2 protein chains.
Amino acid sequence: MNKKDITVNKLKSLGEIILEDVEKNSVPAIKVPSRGTSNIVYDEDKRYYVLGDRYGRRSLGNVKQISKIAQMVYVANFCKDLVRRGKTATLREMYYVSEGWDVEFGDQQESNIVGEDLEVTLGMTREDLGLMPEEDGASVYGNITIQDDDVEINALKAGKSGYTISPTIDEVQFVDHDVKRVIAVETMGMFHRMVQEDAYNKFDTLIVGLKGQAARATRRFLKRVNEELKLPVYIMNDGDPWGFHIAMVIISGSAKLAHVNHQLATPDAKFIGVTASDIINYDLPTDPLKDIDVLRLKELSKDPRYRDEAWQMEIKKMLKIGKKAEQQSFSKYGLEYVVDTYLPEKLEQME
Amino acid sequence: MNKKDITVNKLKSLGEIILEDVEKNSVPAIKVPSRGTSNIVYDEDKRYYVLGDRYGRRSLGNVKQISKIAQMVYVANFCKDLVRRGKTATLREMYYVSEGWDVEFGDQQESNIVGEDLEVTLGMTREDLGLMPEEDGASVYGNITIQDDDVEINALKAGKSGYTISPTIDEVQFVDHDVKRVIAVETMGMFHRMVQEDAYNKFDTLIVGLKGQAARATRRFLKRVNEELKLPVYIMNDGDPWGFHIAMVIISGSAKLAHVNHQLATPDAKFIGVTASDIINYDLPTDPLKDIDVLRLKELSKDPRYRDEAWQMEIKKMLKIGKKAEQQSFSKYGLEYVVDTYLPEKLEQME
């Protein structure tokens with residue numbers, strides 16, 4: 001059975017549960033796993049956040065929950081249509097479509113939550129259900145050939161900005177590749193630097209431009225190349241708490257998305273800087289840490305995802321020197337330095 | 001002479017002006033067109049903002065200006081190297097590179113201004129000079145074939161998110177196309193809707209996803225397809241002052257970039273909604289105007305770019321009904337409505 005059929009069946013089964021209850025003359029109810037903070041747990045084995053085993057019940061016997069169940073059924077039906085017809089919609093579009101339903105949403109926040117309820121109840125992502133985030137993902141440059149519907153595209157042949165990961169990245173097949181690793185960088189400035197300095201050749205690598213905080217599609221792409229193609233994934237970000245955390249969300253997922261981290265987290269991905277040690281060793285141009293940076297670093301040091309000794313040491317070191325540095329700061333030594341010197345040294349250390 | 005040689009020559013001539021002054025024993029000075037508000041003029045014939053004819057002088061005879069001229073010479077030399085070697089750098093990279101110069105910049109603001117000085121003095125864009133904005137441009141989907149260095153790519157064959165306009169879009173050649181128009185939309189949600197509903201076929205159109213405020217590269221792309229390929233350009237945005245203005249900056253340029261609007265503005269591009277009239281005629285789901293929306297609409301009504309009668313009427317109407325609507329709000333009538341009903345009606349009115 002393909003994914004499409006599995007999804008349609010799961011959605012149908014939700015309706016059948018309710019119908020069965022009705023036929024048995026019992027009050028229909030749906031069990032929805034809790035997404036409250038107390039039910040979000042860092043899983044030491046899996047190395048990412050997961051949901052615990054607490055459930056809530058949405059019962060038609062509870063007056064307050066009647067419209068919630070009705071909304072859920074409508075959304076499930078809407079998604080079933082989407083998946084069957086091979087279409088997608090944004091949460092925003094669904095919100096407007098609901099204007100024609102008998103149970104409207106008060107605001108989009110409300111319809112988003114019902115979408116999440118459905119994700120977590122069925123154990124599928126919203127992308128599986130046809131509900132796509134609006135934003136596209138990262139850019140990919142390098143020698144990988146991808147099949148996207150009837151289009152076959154090599155990410156060296158998509159133009160200077162590379163292949164753009166669309167929200168439907170799960171439907172893409174990896175046809176062929178000739179690379180040994182993946183290097184993801186925070187900014188498009190660094191992406192273009194890597195392309196210009198021939199880094200994809202020098203390091204036999206795919207170059208991924210994260211465009212800041214990685215979109216869900218980007219995280220799926222990195223996870224898929226890591227697991228399906230067995231490619232090591234390296235992440236190079238700014239040397240500040242925000243850069244650290246962009247990397248960490250790719251590595252160990254976010255608490256907010258604990259219910260889908262099994263699809264999004266890439267625990268084997270590695271951070272290759274900029275670290276506080278790099279700031280010292282490479283004598284990089286820096287900015288002083290602001291109060292908010294210090295605060296954030298202290299938060300990170302207590303976060304279970306940063307329990308690892310190397311992370312703890314780097315956070316402490318950054319707090320001690322009171323400085324942060326951007327990935328572009330290697331340009332102090334010339335535009336080529338980051339590709340000719342820094343990355344080779346870092347990769348050698350890590351491989 | 002190709003563009004590269006022209007740029008290198010212009011950059012060299014800047015140095016030569018200074019050398020000549022030195023040889024003649026006169027104090028070297030450079031004339032830099034003023035970018036102050038009083039020198040920014042809306043040109044009724046050109047239908048965009050231009051710079052007036054006021055100049056400032058940067059003279060080595062003025063102690064305060066010595067470092068400014070030195071910075072300008074360093075930046076010009078840096079750009080000359082970039083262009084010669086066929087490379088680009090971000091303003092951020094240049095800022096860090098300047099750490100190795102004898103005249104550093106106090107902060108990036110200062111180096112950005114010197115970059116602008118050079119643009120306006122030479123009458124070229126920063127892209128011509130190899131200084132690239134960090135952000136990539138819009139996505140393009142549809143039947144156009146582009147030559148980007150040694151890569152030939154058709155924008156129907158670049159994946160679901162289409163071809164991404166990179167900051168180097170000026171170096172791209174248009175090889176072939178089979179479309180009659182271009183429709184640009186504000187959000188990637190609407191872009192993907194148009195792709196899914198086969199709008200590129202139905203309307204013989206390129207679909208461009210603006211991703212909000214259009215990047216400079218996107219504006220260059222729209223101008224080039226409009227002028228070089230004689231394709232009419234339509235812009236569909238949210239029905240609110242911010243959506244209006246995203247369209248207007250594409251059409252008539254911005255005051256801030258008056259010195260390069262001749263390269264960026266597309267005065268013949270047309271706004272195809274969402275207008276206040278559309279909100280009424282299509283009975284769209286709306287949100288009430290916030291104070292800041294009202295304020296902004298009143299500003300727009302006094303802006304010379306909105307002098308046109310149709311714009312004045314729409315702004316008045318929006319203030320009167322006190323409501324705004326997003327482009328996605330057509331989903332009230334089903335996901336297909338915007339492509340099956342709204343756009344055909346609008347295009348018929350305008351063509």
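The analysis underlying the following values was restricted to heavy atoms, covering all of them including side chains, and did not include hydrogens, waters or symmetry mates. Only a predicted model underlies this, so the values are computations on that prediction, with no experimental measurement involved. Convention: sequence-line order gives letters A, B, ...; per-chain numbering from 1.
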Participant: With chain B, which of A:V172, A:T88, A:D149 has the greatest number of heavy-atom pairs at distances under 4.5 Å?
Facilitator: A:T88
Participant: How far does NE2 of A:H192 sit from OG1 of B:T90, to the nearest 0.5 angstrom?
Facilitator: 10.0 Å
Participant: Heavy-atom count check: over 12 atoms from other residues, nucleotides or ligands less than 6.0 Å from B:K202 NZ?
Facilitator: yes
Participant: Please classify the contact of A:D287 with chain B as side chain, backbone, both or neither, using a heavy-atom distance under 4.5 Å.
Facilitator: side chain
Participant: Restricting to non-hydrogen atoms, name the atom on A:L82 and the atom on B:L335 that form the minimum distance, rounded to 0.1 Å.
Facilitator: CD2-CD1, 3.7 Å
Participant: Quick check for you: to the nearest 0.5 Å, what is the distance between B:Y96 atom OH and A:Q327 atom CD?
Facilitator: 10.0 Å
Participant: I'd like to check B:T164 versus A:D136 (side-chain heavy atoms, cut-off strictly below 4.5 Å). Are they in contact?
Facilitator: no
Participant: What option among B:P285, B:S98, B:G100 has the most heavy-atom pairs under 4.5 Å with chain A?
Facilitator: B:P285
Participant: With a 4.5 angstrom heavy-atom cut-off, could you sort out which part of B:D107 is near chain A: side chain, backbone, both or neither?
Facilitator: neither
Participant: Can you tell which part of A:S139 gets under 4.5 Å to a heavy atom of chain B, answering side chain, backbone, both or neither?
Facilitator: side chain
Participant: Which one, B:K332, B:K157, B:M94, B:E326, leads in non-hydrogen pairs under 4.5 Å with chain A?
Facilitator: B:E326
Participant: Quick one: does A:Q328's side chain get under 4.5 Å of B:E134's, heavy atoms only?
Facilitator: yes
Participant: Non-hydrogen atoms of chain A under 4.5 Å away: do they reach the side chain of B:Q147, the backbone, both or neither?
Facilitator: neither
Participant: Which distance, rounded to the nearest 0.5 Å, do you find between the CE of A:M132 and the CZ of B:R193?
Facilitator: 11.0 Å
Participant: Taking everything shown except B:K323 itself, do over 12 heavy atoms lie less than 6.0 Å from its NZ?
Facilitator: no
Participant: Can you tell which of B:E99, B:Q196, B:K211 has the highest number of heavy-atom pairs within less than 4.5 Å of chain A?
Facilitator: B:Q196
Participant: Relative to chain B, which segment of A:T168 carries a heavy atom at a distance below 4.5 Å: side chain, backbone, both, or neither?
Facilitator: side chain
Participant: Do side-chain atoms of A:D148 reach the backbone of B:K160 as a donor and acceptor pair under 3.5 angstrom?
Facilitator: yes
Participant: Can you establish whether the number of heavy atoms outside B:K3 located under 6.0 Å from its atom NZ is more than 12?
Facilitator: yes
Participant: Do NZ/NE/NH1/NH2 and the carboxylate oxygens of B:E197 and A:K87 come within less than 4.0 Å?
Facilitator: yes
Participant: Can you tell which part of B:E336 gets under 4.5 Å to a heavy atom of chain A, answering side chain, backbone, both or neither?
Facilitator: side chain
